[in-house]
Novice: 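Before anything else, here's the structure in question.
In each ligand, atom 1 is the first atom listed, and ligand 1 is the first ligand listed.
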Amino acid sequence: MREGKINMLLLGSGGRESAIAWKLSKSPRTGKLYIAPGNGGTDAYGENLNLKPTDFDAVDKAVADLGIDMVIAGNEDPLVAGLRDELEKRAAERGSKLLIVGPGKDGAALEGSKDFAKRFMSRHNIPTARHLTATKANIDEARAFLAALKTPYVLKADGLAAGKGVIIVNSLDEAYATLEEMLAGQFGAASASVVIEEFLSGIECSVFVLTDGHGGYRVLPVAKDYKRVGEGDTGLNTGGMGSVSPVPFADEIFMDKVRDRIIVPTIEGLIAEGIDYRGFIFLGLINVDGEPMVIEYNVRMGDPETEVVMPRIAGDLVPALEAVAEGNLGDIALGEDRRAAVAVMAVSGGYPGNYPKGKVIKGLDKTDGIVFHAGTKKEGDTTVTSGGRVLATVALADNIEKAAENAYREMSAISFDGIYYRRDISKDLTRQ
Ligand code: AMP
Ligand code: GLY
């Protein structure tokens, strides 16, 4: 561990980064905290820096000029593009050592290439849906694989597609047509390869692991997100309309299976393949009749899950991140708040389709609960909307029902033109 305080640069601008910055700002170890580019709320926890996380020259310059000790990657894009490798190289050229939370390009392929992720899972016997990777070269084999599956059919662009690369269709003809379109470039180079998967039926949850690349790991509070725009999980997919933690079905028996069949084989698999993975691993899991299966890996925290996970981490996150970046988690404990947390996301009217921006947000001074900004920006003294997902209210309470009640009460104090939020976040888990 370093002596004294640590200057940190957190990359990203969403609700997830608001929640991480909030948590970091509470630590006595935190020195200067910069969020790049941040949003209209993150300046309450640190200083916003106007730079793009994928602009490595700008990130490196900030690191050097501002005396940054630790960089934390909030979103996947810079990691998949090689942020860690590049920053490490440049810091070494200056003769300094930089702590980085987030894997190098090799580990980030777990999210950057769904084909790589599926092959990795096969190599290490990690439970996941049966699959075949299609390209223009094996189209006949791909069609035969589809024909042998039952409806519905799951097709995924291999590469990053801004969260839109997964298409699920009901008929075989639609599946053939979707495959053709994807291979023809529907998602650009990201869908030059398409992973076809067997459909798995069950409830999903998100498990987050912090690992140091040397076998040390901690499991963070388990969460569930709500992806569809409409109540009762209807309508279009979104970046996430709310979240809850804990997840009652992710009990000790289920989590023991997750640890033995998924977490440990993943961490040991990375080490066996020579991948020095230091950062967050997000396991998107599905509970199929009590058996956990992996839907996807992400190489960062989830959004909006982080908005409920951070408030439930009882201990200081900074020493844990520092130890992860140094490759030695040792016996650092994180602790878990026993209370439940619920996050309700307010979005702009029209989202996930077209929506207006620049709407004045009112009532922010009327709530003393936790509000994590996402698509907001400051215009002088006012805060206005600047994205689809605008902000989340988050509450902690003794149980999920009370947490939801409080998060909704907080939300009722906030308004902007066209505000919309789901009224049923967490209700599927508590309905009798
Ligand atoms: P995304 O977050 O865009 O990757 O969304 C992927 C979503 O598609 C997952 O959260 C699941 O809801 C769904 N999904 C992906 N793969 C499967 C599968 N094999 N079986 C069932 N649902 C799936
Ligand atoms: N909430 C899902 C994700 O962050 O990908």
Novice: Which protein residues have a heavy atom closer than 4.0 Å to any atom of ligand 1, listed by chain and number?
Specialist: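 Residues within 4.0 Å of ligand 1: A129, V154, K156, G163, V166, I168, E197, E198, F199, L200, E204, K227, I295, E296.
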Novice: Roughly how far, to the nearest 0.5 Å, is the CE atom of M241 from the CZ atom of R389?
Specialist: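 R389 atom CZ to M241 atom CE measures 9.0 Å (nearest 0.5 Å).
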Novice: Are any of the side-chain nitrogens in K227 or D225 under 4.0 Å away from the carboxylate oxygens of its partner?
Specialist: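 Looking at K227 and D225, the cut-off is met.
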Novice: Would S245 and R312 count as having a side-chain donor-acceptor pair, cut-off 3.5 Å?
Specialist: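 R312 and S245 do have a side-chain donor-acceptor pair below 3.5 Å.
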Novice: What is the minimum heavy-atom distance between P53 and G12, and which atoms define it?
Specialist: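 Closest approach of P53 to G12: CG-N, 4.1 Å.
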Novice: Is the NZ or CZ atom of R423 both under 6.0 Å from the centre of the six-membered ring of Y408 and within 45° of that ring's axis?
Specialist: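 Judged by the rule (NZ or CZ under 6.0 Å from the ring centre, within 45° of its axis), R423 is not positioned above Y408.
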Novice: Are a donor atom and an acceptor atom from the side chains of Y297 and T266 found within less than 3.5 Å of each other?
Specialist: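 Indeed, the side chains of Y297 and T266 share at least one donor-acceptor pair under 3.5 Å.
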Novice: Can you find a side-chain donor-acceptor pair between N39 and S18 that sits under 3.5 Å?
Specialist: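 Short answer, yes.
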Novice: For ligand 2, would you mind listing the residues that have at least one heavy atom less than 4.0 Å away, ordered by chain and number?
Specialist: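 Lining ligand 2: D225, K227, F282, N298, R300, G302, D303, E305.
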Novice: For D316, is there an ion pair with K26 - N to carboxylate O distance below 4.0 angstrom?
Specialist: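 Salt bridge absent between K26 and D316.
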Novice: With distance as the sole criterion, is a donor-acceptor pair present between the side chains of T54 and D77 under 3.5 Å?
Specialist: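 Note: T54 and D77 side chains miss the donor-acceptor criterion.
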